[in-house]
Every structure is written in C-alpha cells, then in structure tokens.
Number of protein chains: 2
Amino acid sequence: MAGIKDVAKKAGVSVSTVSNVINGRHAKMGARTLRRVQDAITELNYTPNSVARQLKSGHTKTLGLVVPSVANPFWGNVSQLIEKAALKRGYQVLICNAERDPQLEATYMNSLYGSSVRGTILGSSPVSFDHLREHSEKGMHIAAFDRTTQGAQGVVSCSVSVDQALGARLATRHLIGLGHKRIAFISGPIGTSSRIARLEGMRSELEKDGLILEDDMIWLGPNACGFGDSHAAELGRTAARELLTQDNPPTALFAVNDMYAIGACSGARELGYRVPDDLSVVGFDDIIMSKVMEPPLTTVRQPADQMAELIVANLIHTLEDEDGAEDPHVILRPELIVRNSTAAPKSHRERSHRAMP
Amino acid sequence: MAGIKDVAKKAGVSVSTVSNVINGRHAKMGARTLRRVQDAITELNYTPNSVARQLKSGHTKTLGLVVPSVANPFWGNVSQLIEKAALKRGYQVLICNAERDPQLEATYMNSLYGSSVRGTILGSSPVSFDHLREHSEKGMHIAAFDRTTQGAQGVVSCSVSVDQALGARLATRHLIGLGHKRIAFISGPIGTSSRIARLEGMRSELEKDGLILEDDMIWLGPNACGFGDSHAAELGRTAARELLTQDNPPTALFAVNDMYAIGACSGARELGYRVPDDLSVVGFDDIIMSKVMEPPLTTVRQPADQMAELIVANLIHTLEDEDGAEDPHVILRPELIVRNSTAAPKSHRERSHRAMP
DNA sequence: GCTCGTTGGTAATACGTTATACATACTACA
DNA sequence: TGTAGTATGTATAACGTATTACCAACGAGC
C-alpha cells in the first residue's frame, strides 16, 4: 500500500533519493538524509514493488521450472535442489506441474514468458520440442533437464542429463549377470525421450547376449492414459500383476523409475511373490525412499544435487553472458546401486545348487 | 519482444483497440478491424506482458504457497492439489520451500508481497505468527493449512486442518487396544503447532488408561537441528535405532508423519526387528507410499484433496469478496487406516497363547 | 436544421520504479 | 571575484498495459 512516493514524502526527499537508498547507492549521500529515508522506510513498513521494478528493468531474476509433477518424490526433490541452487545465485524459481502434457507445457511457458521470465528449466518432456519452438524464438532460454536434446537443436540452449541408455544397460547387465533371461520393462506412456532411451538401452544390452525383448515383456500402461506421476506407484502395481499372471512370466523387472519399481514390488507381493527370491526388481533415480523400503531397492542413481547445480549454473550463465555456457550440454554417468531387491532367479539357483556338491 | 504497440501499428489501429480485443471487449467492434487485430497478434506471436498488466491493475491472480519442502511427498502432493484447485479458478500459485524456518518464511512472504501477491497459503509452520504479523497488516491474506490458528487471531483470515489431536488419539487408542503399553513418539524438532497437537493428543489418550508418556519415549531429533523434510526418513531411522537399543525399549512407535514412520521401519529392521511382529508402527498423513510399502503402513489419513479444495476456495473467497468466507475455519476429521504395520505386542501374544489352550 | 444516441475508434494518463541528465550549494584555488 | 571542481539531490522520461474520457461520423426523430 505504501509506495516509494509515500516514503519520499515522509522523509522530505525526492523519489530518486529513496530509490538510491533502496538500491544501495548511498555512497555519496548525507548521513542525515540517509538516516531519514531509512527511518521512513521502516516506519511505513515499505516493501519495494518488484512488479514495477521488473517492468522497468525488463527482466526478472526468476527462472521457470517445468516438471511432470512435484507429487513424484524424484521431481519434488529435484525441484527443491534447483530452487536452492537458484536462490544461492539470487534467482527465484517458479514451479509448474505440467504432467508431461505438451499442451500444458506450452501454456505454462506462455505464462512464464508473460511474467518476463527468460529462462526456464524443462524436466523430462515429450520427444518433440515443436510446441516450444515459438517461445524459444521469442527469446525464452530453455534448459533441458534429464533428457537428451535430440530434435531440439536451436530451441534448447543448454542441458544436463544422465546417460539414460547407459543407466538402463547397467541395470540390464546386472540382471543378466545374475542369470535372468526373461526381463520385463515397465513404464507409463512412453512419450518422453528419457523413457525411450531407457527402453532402448535395455533392449540393446539384452541383444549383446542374444536375448530378445519380446513385446509381452514391455508394459507401457493403459493405452493413451494421461496420468501424471501421482499414479506411478499404482501403475507399477498393476504392471506387476499383469506381467506375473501371464504365461511364462518374467523373473525380473526393470522399472522406468523408482516409483514404478516400488509399486511393482507391492503388486508382486500381493500375488505371493517374494522380492528378490521369486522376482528381482530394479528401479531408476534412487529416490530417498529406495534406501529405506523393504527390501532396499537396487536402482540406477541419478546425481540429482550435482545435476541441479549444473543446470542452474549453466542456464544463468547463458542468460547473463551473451556468449553462452562454455559447456552447454553435460551428460553425467549414472551409477548402479545394488541393494537387496535383486538376486539370481530361482531356476538358476537350483541349478547352481545341484552343480555345487 | 513484440508489445501491444507493435500489434497496433501492424494492424493500423490504436493501442486501445488492441487492448480491447485482448480483453474480450469486441462486442461492438467492426468485424474487419477485429480481424486485422487478431491477424496481427498471431503474426507477431504476441503475448501480453502480465507484469505490465498487473502493475496497472494492482493485483495478480496469483496465490503464494509456503510449505516446508516439496521434497517431502506429503507436501509435494498437497502442492500439486493446491495448484490444480487454484488453476481451476484462474489463479496461479507460487511455491516456496521454507524448511519450517520463520526467517525464511518472512523472507518469502516479503518477496510474495513485493510481487503483488495478496493471498498465501501457509503450510504447517512455527507456533507463533509474530514474524508474519507485519505482512498481514500490510494487506496480505494468510490461509493456514494443516495447523490450528491458535495465537494467530487477526493475522490468519482462514484455515483448513485436520483435528490433529484426534488423529493422534485414534492412533494411540489403536495401539492401546492391541495391548501396547510402552509406546514411543518420534518426530523432528517440535516447533510447529501441528506437531505439538499430535504429541499432546497422544499423551492425553495414554493418560485415559493411566499410562504415562515417559521422557525416554519421546524422540525429537538432534538438538536444534534445522533439517528440512528431506531428511525425515533418515531421522526416523535414527530414532528407531536409538529407541530400540535403550533399556526397556518400546513395543510400538507413533511417528509424527509417514516419512518418519517409513524410516523407523527401516531402522528397526536393521536391528533385526520385524514389523509388526516385534514392533508396531503408526504413521500420519497417509501418503501414497504408505499403501505400497512392506508392510503396508497403518496410518492416520489426512484428506489432502478435500483440504486443498477448501483452502483454495476459502482464500480466494476472502480475497475477492470483502466480507470474507462464510466458514473461515474448517476442521476435518482424520481417519485411522489400519494396515499391516501394527499387531499385538509379543508379550501380549505369548500371554494370549498360553491362556488359550 | 437541430439535437441525440449509437457505433467504432483515439488520446491521455496512471501504475511504481529506475536511470539519465541536470541543478544546486559549497569548496578550493588562481 | 570568477572559475572549476565536487559533493549532494532532484526532475523527468521511460517500461507496457488498462482505463477513462473523449471524438468523429452517421442516422433518426423532432
């Protein structure tokens, strides 16, 4: 309610002087005047209106962050890490839950652009970037998080991601090493580039051993379902039930992320399967929950804190310097964390036993 | 980059005319002019600058949301529900992770106020509202979520919460009914009103049966620790380890929320305890994970979706109508969800067994 | 022919802040 | 005394939009 003018009037100085005080330009200012202005500010409980401020300056110290949904613990965690990294550099962040919906993403992007945001971080999103091209052309800097930038030339200014295919290969290799031959992949709708990469990584690793990823070993959720991430665990549960009740069920599951994996464990248990004795499960992400659940989940870790730091640093760099980040496209190595949800398949163990004595 | 002026120039009309088109006031406007303006808008790829718009109109259709941390799945979920409820009514929401820190809360509140936000929803926060009084006086409408409004007269305009003490009593009664006598309470730093209410609810229910909540049955985390919610599971794990290794350990745990409960289960297992055979655990919130973990967690459900709807509706109502919401302070009933993490204590079962035959 | 209302549009101003350029008063020095 | 130099402030034009008041043209009714 109180504006800079009110402060000026109360202190008996000009608006400009108050502005100078606010912005720390009181180097060459009378001590008495400075004092009076400060008193007036506290007395009127004055807060500068940043809307007006940014209208003037043309840009905000604000980053957009578009994620599938903060209800998914992975993205909730990432959001917080990104916010912290941004805050450290004097930037705020606007979080948007786009539910992997291109339409929604575009809407949010428009709204961000209208709020003078000129840099936004895009969490795992649809393969195509076409719906965002116009924003990029208008001057929005887009940073891709957790996805390749394939098909995004010119619209994405920087990116940070784990090598998705490698992560999938590590998981698959681990399962193959344990003796599994029939391994299923479970995921929701596979419309995003990171999910495709994980599926293909798994397929290619299997093929190295002459194994083939059959169609009945790929579970991609109900057709055309627009579920956000809130239902991931639920879907994982359904996936396990359907896969395990079919003829010739898998002995191991590779889930596209930890929430699906956790749900799958639950679904398997309901059918009387024990994890890992009767079924091995590998996840992706290494969310906090994975360490703490029963059994602790074998999973592929994404170094979320490091990724958050990098993406924020790079985006701000491209925003502030004209010449862009020195290394705009970072790909990190994921790490396989072996815990207790994986073991040799039953048949294999029995064979080994017989062979042993 | 393209402003309303550019559109006007391109269409050969005045700025005001374009403004009229944008805001749907083209009722009595020449079809040809309208057409030209619309063409110019799409051609220039024009997006209205909402910063300028709100500077003019003085207020934004934006709500603040201050939560401990979206990295906690409960708050992540709540945030998404609140965002959805707000969007439905044409409002955006700004999410802030304040880590239960009064200082940070005040900082965020200032920043929100400076962004012309005049209504914010405050997730479980410190007991005292003193640090927010000044904002309330400046005209910020504050809605309390998941907490009582005690000590908040005049600063909070509406609130939605579950009856925290009742929830704790339901949980405690359930454990007492199973035969537990030595029940521990685990929580992080107990600086928030909802946590105090849960602790006191438990204490009072125990006393109904002549049971006393000893000091060594209350675990409140490391002294003066400023942890946000990211570490809740970790803390729960530590809690269980410390409580179970002391003399005369508890037979049941009531955790202040599900994340602590899940962590506690993990910690107990590491010590060789089986849940629920050797130790019963009850949580609070009923996050998605609770249903899906092993064993499924007995917990006190907060109807998060309903709460989100109510708080948003009430806050917007007080914002738009001068006379405030008709029922500004809603207290809902929590519900005990009995799953598989609770059972009769061992001693009790043995006694029963001996008595049986 | 005159006023009046209607239709389709324009011009000007305000919103709260910042930045630029300029004004004053005082000091130092020739 | 005049000139330059140096502190210390101030006036004012943007920023992009929304609103208010206003204007022109054109019939219609008197």
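Proteins get letters first, then strands, A, B, ... in listed order; numbering begins at 1 in each.
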Taking side chain as C-beta onward, heavy atoms only, is A:Leu65 less than 4.5 Å from A:Val67?
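The answer is yes; the side chains approach within 4.5 Å.
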Hey, which sits more toward the 5' end of DNA chain D by its nearest nucleotide, A:Lys28 or A:Ser16?
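Here A:Lys28 is the residue nearer the 5' end.
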For DNA chain C, what residues of residues 47-55 of chain A have any heavy atom nearer than 4.0 Å?
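By residue number: A:Pro48, A:Asn49, A:Ala52, A:Arg53.
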A:His26 NE2 - D:dA7 C1' separation (whole Å):
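These atoms are roughly 16 Å apart.
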Students often get this wrong, so: under 4.0 angstrom with heavy atoms, is B:Ser57 touching a base, only sugar-phosphate, or nothing?
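Contact class for B:Ser57: none.
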Reading 5' to 3' and counting Watson-Crick or G-U wobble pairs with both distances under 3.5 Å, write the dot-bracket notation for DNA chain C, | for bases paired outside the strand.
||||||||||||||||||||||||||||||
Decide yes or no on side chain to side chain donor-acceptor pair (under 3.5 Å) for A:Thr17 and A:Ser14, but give the supporting numbers first.
CA-CA 5 Å; A:Thr17 303; A:Ser14 78; 3.2 Å; yes
Using a cut-off of 4.0 Å on non-hydrogen atoms, how would the nucleic acid contact of A:Thr17 be classed: base, sugar-phosphate, or nothing?
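Base, at least one base heavy atom under 4.0 Å.
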Nearest to the side chain of B:Ile4, heavy atoms from C-beta on, is which of C:dG9, C:dA19, D:dT17?
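My answer, after comparing the listed nucleotides, is D:dT17.
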Is B:Gly30 touching bases, backbone alone, or none of the nucleic acid, heavy atoms closer than 4.0 Å?
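Sugar-phosphate: the residue B:Gly30, judged by heavy atoms under 4.0 Å, touches backbone atoms but no base.
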Return the value, rounded to whole Å, for the distance between atom NZ of A:Lys56 and atom P of D:dT12.
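Atom-to-atom, A:Lys56 to D:dT12, this comes out as 16 Å.
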Look at A:Asn20 and C:dT18 and indicate whether a side-chain polar atom (N or O) is within less than 4.0 Å of OP1 or OP2.
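Looking at the OP1 and OP2 atoms of C:dT18, neither is under 4.0 Å from any side-chain N or O of A:Asn20.
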Atom CD1 of B:Ile22 to atom P of D:dT19: distance rounded to whole Å?
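It works out to 11 Å between those atoms.
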Keeping the roles fixed (side chain from A:Ser69, backbone from A:Ala71), state whether a donor-acceptor pair exists under 3.5 Å.
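Confirmed, A:Ser69 side chain pairs with A:Ala71 backbone.
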Return whichever of A:Lys5 or A:Asn23 has its heavy-atom-nearest nucleotide of DNA chain C closer to the 5' end.
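It is A:Lys5, whose closest nucleotide lies nearer the 5' terminus.
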Classify the nucleic acid contact of A:Val13 as base, sugar-phosphate or nothing, counting any heavy atom under 4.0 Å across all strands shown.
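Answer is sugar-phosphate: A:Val13 comes under 4.0 Å of backbone atoms only.
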For the backbone of B:Phe145 and the side chain of B:Ser161, can you confirm whether one donor and one acceptor N or O come within less than 3.5 Å of each other?
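Absent.
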Just N and O in the side chain of B:Arg25: are any of them under 4.0 Å from OP1 or OP2 of D:dT19?
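So the side chain of B:Arg25 is within the cut-off, an N or O lying under 4.0 Å from OP1 or OP2 of D:dT19.
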Rounded to the nearest angstrom, tell me the gap between atom NZ in A:Lys9 and atom P in D:dG9.
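About 21 Å, once rounded to whole Å.
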Residues B:Arg35, B:Asp39; criterion salt bridge (Lys or Arg N to Asp or Glu O under 4.0 Å); working and verdict:
CA-CA 6 Å; B:Arg35 189 61 204 233; B:Asp39 286 352; 3.5 Å; yes
Mind checking B:Arg32 for me? I need base, sugar-phosphate or nothing, with any heavy atom below 4.0 Å counting as a touch.
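B:Arg32: no heavy atom of the nucleic acid under 4.0 Å.
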Atom CZ of B:Arg35 to atom P of C:dG8: distance rounded to whole Å?
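Interatomic distance, CZ of B:Arg35 to P of C:dG8: 18 Å.
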Residue from B:Glu309, B:Glu320, B:Glu83 passing salt bridge (charged side-chain N to carboxylate O under 4.0 Å, His left out) with B:Arg89
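Of the listed residues B:Glu309, B:Glu320, B:Glu83, the salt bridge (charged side-chain N to carboxylate O under 4.0 Å, His left out) partner of B:Arg89 is B:Glu309.
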B:Gln54/B:Ser116 under side chain to side chain donor-acceptor pair (under 3.5 Å): CA gap, chis, key distance, verdict
CA-CA 8 Å; B:Gln54 57 195 241; B:Ser116 298; 5.1 Å; no
Examine distances only and state if a side-chain atom of A:Arg100 and a backbone atom of A:Pro68 form a donor-acceptor pair shorter than 3.5 Å.
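Checking the backbone N and O of A:Pro68 against the side chain of A:Arg100, no donor-acceptor pair under 3.5 Å is found.
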Whole angstrom is fine here: how far is it from CZ in A:Arg118 over to P in D:dC15?
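Computing the A:Arg118:CZ to D:dC15:P distance gives 15 Å.
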At less than 4.0 Å, is any side-chain N or O atom of A:Ser19 found next to OP1 or OP2 of C:dT17? Yes or no.
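So the side-chain polar atoms of A:Ser19 never come under 4.0 Å of the phosphate oxygens OP1 or OP2 of C:dT17.
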Between A:Asn23 (side chain) and A:Arg25 (backbone), is there a donor-acceptor pair under 3.5 Å?
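No, A:Asn23 side chain to A:Arg25 backbone: no donor-acceptor pair under 3.5 Å.
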If we ignore hydrogens and angles and just use 3.5 Å, is the side chain of B:Asn314 paired with the main-chain N or O of B:Ser159 as donor and acceptor?
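It does not hold such a pair.
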5' priority, DNA chain C, between B:Val15 and A:Val18 [closest heavy atom]:
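By nearest-heavy-atom nucleotide position, the 5'-most residue is B:Val15.
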